[in-house]
Amino acid sequence: MITFITSAISIGMVFLYGCVGEILTEKAGHLNLGIPGIMCMGTAGGCLFISWYMNSVTISNTFFLWLFLVLVAILGAALFGALGGLIYSFLTVTLKSNQNITGLALTIFGAGFGQFIMDQYVNRIKFSQASVLIKSSLPFADNLGWFGEIFLSHGIFVYLAIAIAIVAAVLLKKTAVGLNLRAVGENPATADAEGINVTKYKYGAILTGSAIAGLGGVYYIMDYIGGSWENSSTIEGLGWLAIALVIFTMWKPDLSIIGSIIFGALYIASNYIIGISFAQMKLLKLLPYVITVIVLIVTSIIGKKETQPPASLGVNYFREDR
């Protein structure tokens with residue numbers, strides 16, 4: 001059970017990165033179905049920067065080697081994730097393209113782009129060494145028994161994901177920036193009339209959300225699966241689950257922390273059940289989607305404002321129609 005919970009937290013953080021990134025995007029009124037592709041782009045960027053760093057590093061001190069490695073991974077993943085967000089922003093905010101079609105096209109592009117970068121420009125020789133450093137746990141975790149194994153045995157990216165979710169929740173609920181962003185997502189015409197720069201907030205939310213989602217891809221490769229690229233196609237599937245998690249958590253970044261762990265537990269549950277067939281294993285992996293549909297139905301019936309998506313979600317804003 002301890003191993004199961006620990007693994008659920010680990011895989012759940014991939015969903016959390018994508019979920020928080022998509023929540024920020026949707027709060028600006030944009031449904032970005034390109035999050036799976038953006039996570040692939042973030043993977044490629046983070047791995048590319050790690051490859052450059054590990055092949056040129058001369059630092060012998062383990063702490064500084066780890067510190068700069070983590071910073072390089074974050075920078076590369078965030079930059080490439082934001083690049084995907086910039087493509088999406090330009091097409092949907094500036095050119096007013098259909099958000100659904102643009103997002104789906106971006107997912108296809110991002111998956112291919114990530115594979116191309118990894119195949120052509122990334123030297124993965126030292127990925128195992130980099131992975132060991134990135135996923136290294138707190139030094140005193142082993143001395144705290146089951147508590148240390150469940151909560152303190154993870155790499156820095158797990159705690160970074162939780163910290164980002166908390167900051168995003170505070171930003172949306174407690175700050176003027178968050179209030180303005182929610183106003184843009186609810187009614188951009190009214191926000192515009194109040195002097196809020198709608199385009200600026202949309203670009204800012206989409207780029208920030210995409211950068212955060214990009215971190216989920218590099219975390220999956222360099223931490224969860226130990227630096228291997230063999231399961232790279234899985235990232236796209238995890239990205240779709242991250243989008244489903246947005247609905248499951250009702251657009252609340254703080255609630256998405258718990259939701260991501262639940263999704264993680266459901267996703268890996270089949271690996272811990274003895275005697276089930278391959279078909280039953282695949283059916284169990286559908287549970288997060290099934291639960292999301294149930295939550296969507298229930299919240300629609302309840303009809304409370306706080307459980308609903310932003311009113312202008314998926315609708316492009318034309319200022320001349322104001």
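Computed over heavy atoms, backbone and side chain alike; hydrogens, waters and symmetry mates excluded. Counting from 1, the numbers follow the sequence of the chain as shown. This structure is a prediction, so every number in the text was calculated from the model and none was measured.
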Practice prompt. List for me each residue that meets side-chain hydrogen bond (donor to acceptor under 3.5 Å, both in side chains) alongside Asn61, sequence neighbours excluded, and say none if there are none.
Written response: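 Partners of Asn61 under the side-chain hydrogen bond (donor to acceptor under 3.5 Å, both in side chains) test: none.
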Worksheet entry | Single-linkage hydrophobic cluster, 4.5 Å side-chain cutoff, Phe113 and Phe116 together |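 As far as the 4.5 Å side-chain criterion goes, Phe116 and Phe113 are connected within one cluster.
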Item to complete: Let me see the working for Tyr220 and Tyr17 under ring pair (Phe, Tyr, Trp, His ring centres under 6.0 Å), right down to the final yes or no.
Response: CA-CA 10 Å; Tyr220 176 74; Tyr17 277 115; over 10 Å; no
Discussion item. Just verifying a value: how many Å separate Phe15 CZ and Thr249 OG1, rounded to the nearest 0.5 Å?
Written reply: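 So the gap between those two atoms works out to 13.0 Å.
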Discussion item. Please determine whether the number of non-hydrogen atoms from other residues, nucleotides or ligands lying under 6.0 Å from atom NZ of Lys200 exceeds 12.
Written reply: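 Atom NZ in Lys200 is not packed in, count stays at 12 or less.
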Worksheet item: Do any N or O atoms from the side chain of Ser51 and from the backbone of Asn123 form a donor-acceptor pair under 3.5 angstrom?
Response: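 Yes, the answer is positive, given that a donor and an acceptor are paired below the 3.5 Å cut-off.
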Discussion item. Could you see if Val93 belongs to whatever hydrophobic cluster contains Ile101? Use Ile, Leu, Val, Met, Phe, Trp, Tyr and a side-chain cutoff under 4.5 Å.
Written reply: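 No, Val93 and Ile101 fall in different hydrophobic clusters.
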Worksheet item: Should we count CD1 of Ile125 as having more than 12 external heavy atoms under 6.0 Å?
Response: no
Worksheet entry | Leu160 side chain near Met13 side chain, heavy-atom distance below 4.5 Å | no
Worksheet entry | Pairs where residues 74-94 contributes a residue and the test side-chain hydrogen bond (donor to acceptor under 3.5 Å, both in side chains) is met, not counting sequence neighbours | His30-Thr92, Thr94-Tyr203
Worksheet entry | Minimum-distance pair of heavy atoms, taken over all atoms of Ala168 and Val20 | CB-CG1, 3.9 Å
Item to complete: Output all residues satisfying salt bridge (Lys or Arg N to Asp or Glu O under 4.0 Å) with Lys173, sequence neighbours left out; order by chain, then residue number.
Response: Asp254
Worksheet item: Which heavy atom in Ala130 sits nearest to a heavy atom in Met222, and how many Å separate them?
Response: CB-CE, 3.7 Å
Item to complete: Side-chain contact test, heavy atoms from C-beta onward, threshold under 4.5 Å: evaluate it for Asp192 versus Tyr317 and give yes or no.
Response: yes
Discussion item. Is it the case that the side chain of Ser228 and the backbone of Ile225 share a donor-acceptor pair, with hydrogens and angles ignored and the cut-off at 3.5 Å?
Written reply: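 No: the side chain of Ser228 does not pair with the backbone of Ile225.
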Worksheet entry | Side-chain H-bond candidate by donor/acceptor type, Asn316 with Gln99, under 3.5 Å | yes
Item to complete: Report the C-alpha separation of Leu48 and Phe80 in whole Å, then their side-chain angles, then the decisive distance to 0.1 Å, and conclude whether the side-chain contact (heavy atoms from CB on, under 4.5 Å) test is met.
Response: CA-CA 10 Å; Leu48 179 63; Phe80 276 56; 3.9 Å; yes
Worksheet entry | Partner residues of Asp223 under the salt bridge (Lys or Arg N to Asp or Glu O under 4.0 Å) criterion, sequence neighbours left out |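 With sequence neighbours excluded, Asp223 shows a salt bridge (Lys or Arg N to Asp or Glu O under 4.0 Å) to no residue whatsoever.
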Worksheet item: Does any N or O in the side chain of Ser7 come within less than 3.5 Å of the main-chain N or O of Thr3, such that one atom is a donor and the other an acceptor?
Response: yes
Discussion item. Rounded to the nearest 0.5 Å, what separates atom CG in Leu75 from atom OH in Tyr53?
Written reply: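 These two atoms lie 13.0 Å from each other.
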Worksheet item: Under 4.5 Å between side-chain heavy atoms, hopping through other hydrophobics if needed: is there a path connecting Leu86 to Ile117?
Response: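 Yes; tracing contacts between hydrophobic side chains, which count when under 4.5 Å, links both residues.
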Between side-chain atoms of residues 102-109 and protein atoms elsewhere (two or more places apart, or another chain), which donor-acceptor pairs fall under 3.5 Å?
from: Thr102; atom 1: OG1; to: Asn98; atom 2: O; distance (Å): 2.7
from: Thr107; atom 1: OG1; to: Leu33; atom 2: O; distance (Å): 2.7
from: Thr107; atom 1: OG1; to: Gly103; atom 2: O; distance (Å): 3.4

Worksheet, complete the sentence: Between Ser210 and Gly85, the two heavy atoms sitting closest are OG-CA, 3.1 Å
Practice prompt. Keeping the roles fixed (side chain from Lys27, backbone from Pro310), state whether a donor-acceptor pair exists under 3.5 Å.
Written response: no
Worksheet entry | Neighbour count >12 (heavy atoms, 6.0 Å) for atom CZ, Phe90 |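 Counting other residues, nucleotides and ligands, CZ of Phe90 stays at 12 neighbours or fewer.
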Worksheet entry | Chi angles and distances behind the side-chain contact (heavy atoms from CB on, under 4.5 Å) call for Leu238, Ile11 | CA-CA 9 Å; Leu238 298 179; Ile11 188 63; 4.2 Å; yes
Worksheet entry | Hphob cluster co-occupancy, Ile150 + Met1, side-chain heavy atoms under 4.5 angstrom | yes
Worksheet item: Could you give the distance from CD (Glu186) to OG (Ser312), rounded to the nearest 0.5 Å?
Response: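 Rounded to the nearest 0.5 Å, the CD-OG separation comes out at 7.0 Å.
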Practice prompt. Decide yes or no for Ser260 and Leu245: does some side-chain heavy atom of the first lie under 4.5 Å from some side-chain heavy atom of the second?
Written response: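 Side chain of Ser260 against side chain of Leu245, heavy atoms only: contact under 4.5 Å found.
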Fill in: Contact check, side chains of Ile134 and Trp66, non-hydrogen atoms, under 4.5 Å
no
Item to complete: Measure the spacing between OG1 of Thr25 and CG of Leu181 and express it to the nearest 0.5 Å.
Response: 9.5 Å
Worksheet entry | Ser97 side chain to Leu91 backbone, donor-acceptor under 3.5 Å | yes
Discussion item. So which atom in Val218 and which in Ala77 form the shortest heavy-atom distance, rounded to 0.1 Å?
Written reply: CG1-CB, 3.6 Å
Discussion item. Donor-acceptor check, side chain of Glu22 to backbone of Asn32, threshold 3.5 angstrom: yes or no?
Written reply: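 At least one qualifying donor-acceptor pair exists.
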Response to the item:
Paired with Ile164, the side chain to side chain contact (heavy atoms under 4.5 Å, CB included) test is passed by just one of Leu16, Leu24, Leu215, namely Leu215
Item to complete: Find out whether Asn180 and Asn197 are in side-chain contact, i.e. whether some heavy atom of one side chain is under 4.5 Å from a heavy atom of the other.
Response: no
Fill in: Tyr201 side chain near Val177 side chain, heavy-atom distance below 4.5 Å
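The answer is yes; the side chains approach within 4.5 Å.
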Fill in: Between Tyr224 and Tyr219, ring centroids under 6.0 Å
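Not under 6.0 Å, so no.
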Practice prompt. Looking only at non-hydrogen atoms, find the nearest pair between Pro309 and Trp251 and report the distance.
Written response: CB-CZ2, 3.3 Å
Discussion item. Nearest 0.5 Å, please: how far is CE in Met118 from CD1 in Ile221?
Written reply: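 Separation between the atoms: 6.5 Å.
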Discussion item. Restricting to side-chain hydrogen bond (donor to acceptor under 3.5 Å, both in side chains), what partner residues turn up for Tyr159, sequence neighbours left out?
Written reply: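 None.
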Worksheet item: Which heavy atom of Pro36 sits nearest a heavy atom of Gly239, and at what distance?
Response: CG-C, 3.7 Å
Worksheet item: For Ile74 and Phe157, what are the C-alpha separation, side-chain angles and deciding distance, and is it a side-chain contact (heavy atoms from CB on, under 4.5 Å)?
Response: CA-CA 9 Å; Ile74 292 173; Phe157 274 88; 3.7 Å; yes
Discussion item. Checking the side chain of Thr175 only, and the main-chain atoms of Gly178 only, is there a donor and an acceptor separated by less than 3.5 Å?
Written reply: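 Yes, the answer is positive, given that a donor and an acceptor are paired below the 3.5 Å cut-off.
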Worksheet item: Linking I/L/V/M/F/W/Y whenever any side-chain heavy atoms sit under 4.5 Å apart, do Leu266 and Ile258 land together?
Response: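 Yes; tracing contacts between hydrophobic side chains, which count when under 4.5 Å, links both residues.
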Worksheet item: Does Thr43 reach the main-chain N or O of Gly217 with its side chain, forming a donor-acceptor pair under 3.5 Å?
Response: yes
Worksheet item: Could you give the distance from NE2 (His154) to CD (Glu149), rounded to the nearest 0.5 Å?
Response: 9.0 Å
Discussion item. Below 30° counts as parallel, above 60° as perpendicular, anything between as tilted: where do the rings of Phe248 and Phe263 land?
Written reply: tilted
Practice prompt. Step by step, work out the side-chain contact (heavy atoms from CB on, under 4.5 Å) result for Ser137 and Leu152.
Written response: CA-CA 7 Å; Ser137 60; Leu152 302 177; over 6 Å; no
